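Working notes, structure below.
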Protein chains: 4
Amino acid sequence: MDSHTENIAENVDRERPATKREQRAASIEALLGEALALFITQGYHATTVEEIAQAAGLTKGAVYFYFKSKANVLKALLDRTEELTIAPTIAAMASAGEDPEDRLSAFVRSQSVIGAEKTEYMLLAILMSAEFNGSGDEIEQRLNELMARMEDALRETVMTGQQKGVFRAEIGADELASVIMATNKGCYVEWYMRGSDLKGQDFARAFREFVFDGTVAR
Amino acid sequence: MDSHTENIAENVDRERPATKREQRAASIEALLGEALALFITQGYHATTVEEIAQAAGLTKGAVYFYFKSKANVLKALLDRTEELTIAPTIAAMASAGEDPEDRLSAFVRSQSVIGAEKTEYMLLAILMSAEFNGSGDEIEQRLNELMARMEDALRETVMTGQQKGVFRAEIGADELASVIMATNKGCYVEWYMRGSDLKGQDFARAFREFVFDGTVAR
Amino acid sequence: MDSHTENIAENVDRERPATKREQRAASIEALLGEALALFITQGYHATTVEEIAQAAGLTKGAVYFYFKSKANVLKALLDRTEELTIAPTIAAMASAGEDPEDRLSAFVRSQSVIGAEKTEYMLLAILMSAEFNGSGDEIEQRLNELMARMEDALRETVMTGQQKGVFRAEIGADELASVIMATNKGCYVEWYMRGSDLKGQDFARAFREFVFDGTVAR
Amino acid sequence: MDSHTENIAENVDRERPATKREQRAASIEALLGEALALFITQGYHATTVEEIAQAAGLTKGAVYFYFKSKANVLKALLDRTEELTIAPTIAAMASAGEDPEDRLSAFVRSQSVIGAEKTEYMLLAILMSAEFNGSGDEIEQRLNELMARMEDALRETVMTGQQKGVFRAEIGADELASVIMATNKGCYVEWYMRGSDLKGQDFARAFREFVFDGTVAR
DNA sequence: TATGAATGAGAGTTCATTCAT
DNA sequence: GATGAATGAACTCTCATTCAT
C-alpha cells in the first residue's frame with residue numbers, strides 16, 4: 001500500500017517527505033541514528049537531548065514528541081540492538097546444529113560479521129552496560145537481560161562441549177564463557193577506539209583464533 | 001574506649017592525626033579512596049564532588065582545598081594507577097629477559113596479580129578511557145599515554161616473538177597485540193561486573209590460557 | 001431522566017452527529033464540558049490543552065481550531081457563567097420588588113439553587129478569580145466585571161435596606177455586602193471541597209440563615 | 001554565647017551579617033518572606049523559583065541550597081502557618097473554658113486578630129488548599145491536616161453548644177461548622193482581594209456578627 | 001585545615017501555540 | 001473538521017566552582 005503510493009509519486013523528495021507517516025519515520029530514523037552515534041562517542045549522560053536534536057536537524061521538542069524522555073531514546077535503540085545483533089547471533093547458534101564446535105564457530109562468526117556491519121549497536125549495549133552498571137536504573141535491568149540472553153546461550157554451548165570432551169574441562173563453564181564474552185566485548189571496544197589503526201581482517205581473525213584456541217581442548 | 005585505644009597506640013593516631021601533616025595525608029587518602037570507588041561504580045561524570053567529600057567525611061570545600069578541581073582528583077588517581085599497575089607490569093616484562101614467551105608470561109602474570117590486588121586502579125584506567133574517549137579533554141590524552149605505554153611494550157614483545165617464529169605470524173603484530181589488550185581489558189571489566197558469580201582462580205587461568213594459546217604459534 | 005429527554009428530542013443523535021453543524025456543536029460542547037471540570041479540579045494553569053482535548057476525545061489541534069487559544073476556552077466558559085449564574089441571580093433580585101429583605105432573600109435563594117444545579121460554573125468564577133488575581137491578565141479584568149455585577153447589586157440592596165432601617169446600619173454597606181459575598185463564595189468552595197461529607201439541605205440552609213441573621217437588623 | 005558576641009560587636013551590620021549563622025538566618029528569612037508574598041499573589045505554580053530568589057536578592061541556587069526543592073519552601077511556610085495561626089487559635093479556644101459561646105468567641109476573635117496581623121500565613125493555607133485540592137500531592141495531605149485541626153476544634157465546640165442548647169440545633173454540627181469555616185475562609189480571601197476598598201474594623205465586626213448570629217440559638 | 005554560603009551555566013522536561021495536510 | 005509534526009520559551013533542578021571566614 002505504502003510502496004504503491006511511492007511507485008506512483010516517482011521522484012518523491014526524501015528530504016521533505018510527502019506524507020506524515022514518511023515524515024514521522026524519517027524524523028525517528030534521523031534522531032535514533034544521531035543518538036546512537038552520540039551515545040557511543042560521548043556516553044549517555046554526557047550527551048544532551050539538544051545535541052541529538054540538532055544533529056538530526058530538529059529541536060529538543062521533537063525528541064520529546066517522539067520519545068517522551070531521553071531514556072526512551074536509549075530504550076528504542078536497545079530494542080534495535082536486540083533485533084539486529086543479539087537475536088541474529090542466538091539464531092545463528094541455534095541453527096548451527098548440535099555440535100558445540102559448530103555452535104561456538106557460529107557465535108564467533110556471527111559476532112565477527114556484526115562487528116563489521118552493526119558495530120555501533122553491539123557497542124552501544126557494551127558501553128551502556130558499563131555506564132549504567134550499578135545505577136539501579138530500569139535501563140540497567142534491560143541491559144542485563146539483553147546481554148544475559150547471549151551469555152546464557154554461550155554458557156550452555158560451553159557446558160555441552162565440556163561434557164562431550166571437545167572443550168577444555170579443567171575450567172568452570174561459567175568462567176570460560178565469561179572470558180569468551182570478555183574477549184568479545186573487549187574486541188568491540190578496542191576496535192571502536194583504535195579501529196582506524198588496525199586491519200579489520202586481521203583483527204577479526206585474531207579474535208576468532210583467541211576464542212577457538214582458548215576454548216577447544218587440545 | 002577511643003581514648004583508651006589512643007593511650008595504647010602511642011602517637012600513631014590515624015583517626016585523629018596529631019600533626020597537620022598526618023591530617024593532611026589522612027584527608028587526601030580518604031578522598032582519593034572514596035573517589036576511586038565512586039568513579040568506578042558510577043563513572044566520573046555521574047559522581048559529584050559532594051559525594052566524594054561526604055563519603056570521606058568531609059565537605060566539598062575540602063576537595064577543592066586539596067585538589068583545586070574535580071579533574072585533578074582523577075589525575076591524582078591516574079598517577080597512582082601508573083605507579084601501581086602500569087609501571088610494575090612493564091618492569092616485570094623488562095626483567096623477564098629477552099625471550100618473548102617469558103615476556104608475554106610476565107605480562108599475563110603481572111596483570112593477573114594486579115587484577116587480584118589492585119583491580120580498582122587498573123579498572124579505573126580502562127573505564128575512564130571509555131568515558132573520556134573522544135572528549136578532547138586533557139584527561140583523554142593522559143589516559144592514552146598511560147595505556148599506550150603498556151600497549152607499546154606488548155606490541156614490541158609480539159613483534160620480537162613473531163620474528164623469532166615463536167608467535168603466530170600470519171596476523172599483524174599491531175592487531176595481535178590489540179586483541180591481547182582487548183582480552184585483558186575485557187576480563188577486568190567482566191570480573192568487575194560479574195566477579196561475585198565467578199571463581200577467581202578459574203577466571204584468571206582462563207584469561208592466561210586465552211592469551212597464551214591465542215598468541216603462541218603451534 | 002436523561003434518556004427521557006433524549007426520547008423527546010427525536011433524531012438528535014449526540015454521539016455521531018449527522019450534520020457538520022451538529023458535529024461542530026457536539027465537539028464544542030464536549031470541549032467546554034471537560035475544560036470546565038478540569039479547570040475546577042486542577043486549576044487553569046495546571047490544566048493542559050492536551051488534557052482537555054483528550055478528555056473530549058479529540059486532539060490539541062481541535063481546541064485551537066474552535067477556540068484559537070487556551071484563554072479563549074476559559075472566556076467561553078465565563079460567558080456561560082454569566083448567562084447561567086450571574087444574570088439569573090441579578091434578574092431574580094430585580095424581579096423580587098423593592099423590599100430589601102425580599103431582594104436579599106431572592107439573592108440567597110437564587111444562589112442556593114445555582115449552588116445545587118450549576119455549581120461548577122459559579123465555582124469556576126470564584127476559583128479563577130483567585131487564580132488570576134493580580135496577574136494583570138485580560139481574564140482578570142473579565143472576572144472582576146463578572147463578580148462586580150453581582151456585588152454591585154448586592155451592595156445597592158444592602159444600602160437600601162440600611163436606609164430603610166431593616167438591615168443593620170452600624171456597619172458600612174460595602175463591608176456588609178463584602179462579608180455576604182465572602183460567605184457566599186466560601187460556601188461554594190467549601191461545598192465543592194467537602195461536599196461528599198455534608199448534607200446539602202442543611203448546608204444550604206445554614207448558609208441562608210448566616211446571611212439573613214447577619215444582615216437583618218434585630 | 002551568640003548574644004554575648006552580639007553585645008561585644010555593638011553596631012552589627014544587619015544587611016551583610018557578620019557570622020554565617022546570621023547570614024543563613026537572614027537569607028532564609030528573606031526567601032521565605034518573598035515566597036510567602038509571591039505564593040499568595042500569584043499562586044504556587046505560577047511562581048518561579050527564580051522570582052523568589054531575585055525578590056530576596058539571591059539566585060536560584062540559593063533557594064536549592066537552603067530548601068532542596070520548591071515544594072520544601074512551601075512546606076517551611078506551612079510549618080510557620082501552623083505555628084503562627086492554627087495553633088494559637090486552637091490554644092485560644094482551649095483556654096476559653098468550657099462554655100461553647102466563649103469558645104466560639106475565642107475562635108472568632110483569634111481569627112480576627114490573626115486576620116489583622118498574620119493575614120498572609122492564614123491566606124496561604126486557604127489558597128494553597130484550593131490550588132492543591134485533588135492534586136494527590138504530599139502537600140495536599142499536609143494542608144488537609146492543617147485545616148482539619150482547626151475544623152475539628154470548631155465542630156466539637158459546635159456540637160457541645162448544640163447539646164447544651166445554646167447553638168441552633170436544627171442544622172447538623174458538621175454543616176454548621178463548615179459554614180462557619182467557609183465564612184472565615186471567604187472573609188480572608190475577600191479581605192485580601194478587596195482590602196484596600198474596605199474598612200478593616202467594620203469588615204472584621206461584620207464577620208464576627210455573621211458567625212455569632214448565625215450560630216447562636218435565638 | 002576546612003566549612004558553608006552562594007553562584008551560574010546548563011541539564012531534562014513541559015506546554016501553549018503554529019501550520020501543512 | 002481535525003490531525004499530528006514541530007517549535008521555542010520557560011520551568012525545576014543539578015553541580016562544579018569560588019570565596020569569605
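What you see below is based on every heavy atom in this structure, not just the backbone, and it leaves out hydrogens, waters and symmetry mates. Please read all numbers here as calculations on a predicted model, not as lab measurements.
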- So what's dA9(F) paired with, Watson-Crick or G-U wobble, going by both distances under 3.5 Å?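 Paired with dT14(E).
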- Pair assignment for dT21(E), Watson-Crick or G-U wobble, requiring both distances under 3.5 Å: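 The answer is dA2(F), by the H-bond criterion.
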Under 4.0 Å from OP1 or OP2 of [N]: is there any side-chain N or O of [X] that close?
X: S27(A); N: dA5(F); answer: no
X: R24(A); N: dG4(F); answer: no
X: K70(D); N: dT12(F); answer: yes
X: Y66(A); N: dA6(F); answer: yes
X: Q23(A); N: dT21(E); answer: no

- Item | Any L77(C) side-chain heavy atom under 4.5 Å of L32(C) side chain | yes
- Is there a side-chain contact between Y44(C) and L38(C), using heavy atoms and a 4.5 Å cut-off? no
Nearest-angstrom distance from the residue atom [atom1] of [X] to [atom2] of [N]:
X: E50(D); N: dT7(E); atom1: CD; atom2: P; result: 11 Å
X: K68(C); N: dT18(E); atom1: NZ; atom2: P; result: 10 Å
X: Q54(B); N: dG4(E); atom1: CD; atom2: P; result: 11 Å
X: E51(D); N: dC13(F); atom1: CD; atom2: C1'; result: 17 Å
X: R21(D); N: dT21(F); atom1: CZ; atom2: P; result: 17 Å
X: E22(D); N: dA6(E); atom1: CD; atom2: P; result: 13 Å
X: F67(B); N: dT18(F); atom1: CZ; atom2: P; result: 16 Å
X: K20(D); N: dA5(E); atom1: NZ; atom2: P; result: 7 Å

- Using a strict 4.0 Å threshold on nitrogen-to-oxygen distance, state whether K70(A) and E51(A) make a salt bridge. no
- Mapping L58(D) and T59(B) onto DNA chain E by nearest heavy atom, which one lands closer to the 5' end?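 It is T59(B) whose nearest nucleotide is closer to the 5' end.
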- Query: If you find the nucleotide of DNA chain E closest to G57(D) and the one closest to Y64(A), which residue's nucleotide is nearer the 5' end?
  - Reply: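 Nearer the 5' end of the strand: G57(D).
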- Message: For the aromatic rings, using the six-membered ring if either is Trp, is the centroid distance between H45(A) and F132(A) under 6.0 Å?
- Response: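 That pair passes the under 6.0 Å test.
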- Return the nearest nucleotide to the side chain of F65(B); candidates are dT1(E), dT18(F), dT7(E). dT1(E)
- Can you tell which of dT17(E), dA16(E), dC13(F) lies closest to the side chain of T48(C)?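 Nucleotide nearest to T48(C)'s side chain: dA16(E).
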- Message: Please give me the minimum heavy-atom distance between A76(B) and F67(B), naming the atom from each residue.
- Response: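 Between these two residues, the closest heavy atoms are CB-CE2, 4.0 Å.
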- Message: Quick check: any donor-acceptor pair below 3.5 Å linking the side-chain of K60(C) to the base of dT17(E)?
- Response: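 Indeed there is one.
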